[in-house]
2 protein chains.
Amino acid sequence: MSSRSGADLALLLLGSYRNLVDEVVRELATRGYPDARPSHEYAIRAIRAGADSASDLARRLAITKQAAAKTIAALVERGYVTTETDPADIRRKNIRITDHGIGLITESTAIFDEVRARWEVRLGAAELAELERQLAQFVGDSPINLDAPGWAAGQELR
Amino acid sequence: MSSRSGADLALLLLGSYRNLVDEVVRELATRGYPDARPSHEYAIRAIRAGADSASDLARRLAITKQAAAKTIAALVERGYVTTETDPADIRRKNIRITDHGIGLITESTAIFDEVRARWEVRLGAAELAELERQLAQFVGDSPINLDAPGWAAGQELR
DNA sequence: CACTGTAGTCAACCTGGTTGTCTATCTTGG
DNA sequence: CCAAGATAGACAACCAGGTTGACTACAGTG
């Protein structure tokens, strides 16, 4: 499969990503977050990193503010964040991450790292670090936008 | 970014895949295939590899036959394939790839390989080969069969 | 020949996005 | 001080690429 073809390389990259993320989502479900989707995690991380309004989140994730609003609605629905009108600018709705939301990214981070640690055992620490360094070269100058429809979404696990 | 965090590793993998595929789609558009989507390429490759009916394609891509039928409809619409009723089994509709479809995967393969070659220049041939070998390990024990690109969906057989 | 399995279709729905349009509210330059 | 413009958010319609579920038509077999 690592057959020196560009198309195969694409499948290797996508397959690795999906393996990693599917595992995290599956494990999150068993740890009390059965309704968490990858996009939720990314969104909460962005909010925690400072995106405190829908427009802000939209810029951060490089998606439209309508899409960001939908994501926030999903997060509110699941109890990961709350919103309240900004007293200083009543157009804005400030986002606050709930304890449940904090729990989600805490667990999610831990699981991601656990899976990465297993990969490290298989590959060796130096090799995995090297792999990451190489991938970083490919991705280096592009912003972290997850804008193409469905790409961060993956499938519902069954 | 290559910060030894599992979450970052996921973004590196996804980002690399997207960089690669976006480039291919962009370049394909300039070479006479402005409406080609990644899923079209994978579908035509699967058809060329032997999936000659909707149900067959569905099994190969590990998606539902309804989804496969939609994809085929899109391919027919764009002139990449044609379908005709199988004379020996009038339930089946045999898929045939048109010259336009052949052209698409020919160009697509070439572009994929061009981008891979550029990566090879940046990384070195041995390093890229090593990276592919490592990625193959991650997808290797996956329940998803990448040889018959089953990455696209969940793992349970239908 | 009846039964079971398979090919394909229709319809409704989901997720995570997109445009385009609109109002309400801030902010700033003259 | 205020009109003009920028910004925040919401609503509606839509798209891609999947999903379930229910269904018909046909094929192959015991």
Side-chain angles (χ1 to χ4, degrees), chain A residues 14 18 21-22 25 35-44 46 51-78 83-95 145-158, chain B residues 14 18 21-22 25 35-44 46 51-78 81 83-95 144 149-158:
Chain A
L14 181 58
R18 289 188 47 95
V21 169
D22 282 356
V25 170
D35 55 2
R37 317 260 334 119
S39 63
H40 300 158
E41 299 172 45
Y42 295 129
I44 298 180
D52 66 330
S53 72
S55 296
D56 232 25
L57 180 62
R59 282 186 291 265
R60 212 115 178 173
L61 296 178
I63 59 179
T64 59
K65 56 184 180 174
Q66 293 91 329
K70 283 190 193 179
T71 300
I72 293 169
L75 295 177
V76 170
E77 211 173 282
R78 287 164 170 81
T83 58
E84 52 184 14
T85 301
D86 185 334
D89 181 348
I90 68 174
R91 292 172 310 174
R92 295 175 66 93
K93 290 193 171 175
N94 290 333
I95 311 171
N145 56 338
L146 307 163
D147 52 357
W151 282 26
Q155 309 297 316
E156 195 73 49
L157 294 174
R158 286 179 299 271
Chain B
L14 180 59
R18 291 204 33 194
V21 170
D22 282 356
V25 169
D35 55 2
R37 313 260 336 116
S39 64
H40 300 158
E41 299 172 43
Y42 294 127
I44 298 181
D52 66 330
S53 72
S55 296
D56 231 24
L57 181 61
R59 282 187 289 264
R60 212 114 180 173
L61 297 177
I63 59 178
T64 59
K65 57 183 180 173
Q66 294 92 326
K70 283 191 192 179
T71 300
I72 293 170
L75 294 177
V76 170
E77 211 173 281
R78 288 164 171 82
V81 304
T83 58
E84 51 184 16
T85 300
D86 186 334
D89 180 347
I90 69 173
R91 292 172 309 172
R92 295 175 66 93
K93 290 193 172 174
N94 290 333
I95 310 171
I144 294 169
W151 52 267
Q155 47 268 59
E156 258 149 30
L157 296 178
R158 280 172 293 270

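Sequence lines set the chain letters: A, B, ... in the order given, protein chains first and strands last, and positions in each chain run from 1.
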Report yes if at least one side-chain N or O of A:S53 is closer than 4.0 Å to OP1 or OP2 of D:dA8; otherwise report no. no
Any carboxylate oxygen within less than 4.0 angstrom of a Lys/Arg side-chain nitrogen, looking at A:R92 and A:D52? yes
Closest-nucleotide 5' rank along DNA chain C - winner of A:D86 and A:A74: A:A74
Rounded to the Å, how far apart are A:H40 NE2 and C:dC14 P? 14 Å
Residue A:R91, side-chain heavy atoms: nucleotide from D:dA10, D:dT19, D:dA6 that is nearest: D:dA6
How long is the span from the CG atom in A:D89 to the OG atom in A:S53, to the nearest 0.5 Å? 9.0 Å
According to a strict under-4.0 Å criterion, is A:K70 in side-chain N/O contact with OP1 or OP2 of C:dT18? no
At what distance, to the nearest 0.5 angstrom, does NZ of B:K65 lie from CD1 of B:I72? 12.0 Å
Roughly how many Å is it from CG in A:D89 to P in C:dT28, rounded to a whole number? 12 Å
Expressed in angstrom and rounded to an integer, what is the separation of A:D35 atom CG from C:dG16 atom P? 11 Å
Rounded to whole Å, how long is the line connecting atom NZ of B:K65 with atom C1' of C:dA11? 15 Å
So, is A:S55 close to the D:dG9 phosphate, meaning a side-chain N or O under 4.0 Å from OP1 or OP2? yes
Step-by-step side-chain contact (heavy atoms from CB on, under 4.5 Å) determination, A:T83 to A:N94: CA-CA 5 Å; A:T83 58; A:N94 290 333; over 6 Å; no
Among D:dA27, C:dT15, D:dG9, the one nearest any side-chain atom of B:I90 is D:dA27
Is the phosphate of C:dA7 approached by B:R92 (side-chain N or O, under 4.0 Å from OP1 or OP2)? yes
A:R59 vs D:dT7: side-chain N/O to OP1/OP2 distance below 4.0 Å: no
Mind calculating the distance between CD (B:E84) and C1' (C:dA7) to the nearest angstrom? 16 Å
Does the base of D:dG9 carry an N or O that pairs as donor and acceptor with the side chain of A:K93 under 3.5 Å? no
A:L75 CG - C:dT15 C1' separation (whole Å): 14 Å
Quick one: label A:A54 by what it contacts on the DNA or RNA (base, sugar-phosphate, nothing), any heavy atom closer than 4.0 Å. sugar-phosphate
How far does CG of B:D56 sit from CG of B:L61, to the nearest 0.5 angstrom? 10.0 Å
Rounded to the nearest 0.5 Å, the NZ atom of B:K93 sits from the OG atom of B:S55 at a distance of 12.0 Å
Under 4.0 Å: is that the gap between some side-chain N or O of A:T71 and OP1 or OP2 of C:dG16? no
Just to be sure I understand the rule, does A:T64 reach a base, reach only the sugar-phosphate, or reach nothing, if contact means heavy atoms closer than 4.0 Å? base
B:Y42 OH to D:dG17 P, straight-line distance once rounded to whole Å: 12 Å
For the pair made of CD1 in B:I63 and C1' in D:dA16, what is the distance, rounded to whole Å? 13 Å
Within the structure, does a side-chain N or O atom of B:R37 lie under 4.0 Å from either OP1 or OP2 of D:dG17? yes
For the side chain of A:Q66 and the base of C:dG16, is some donor closer than 3.5 Å to an acceptor across the two? no
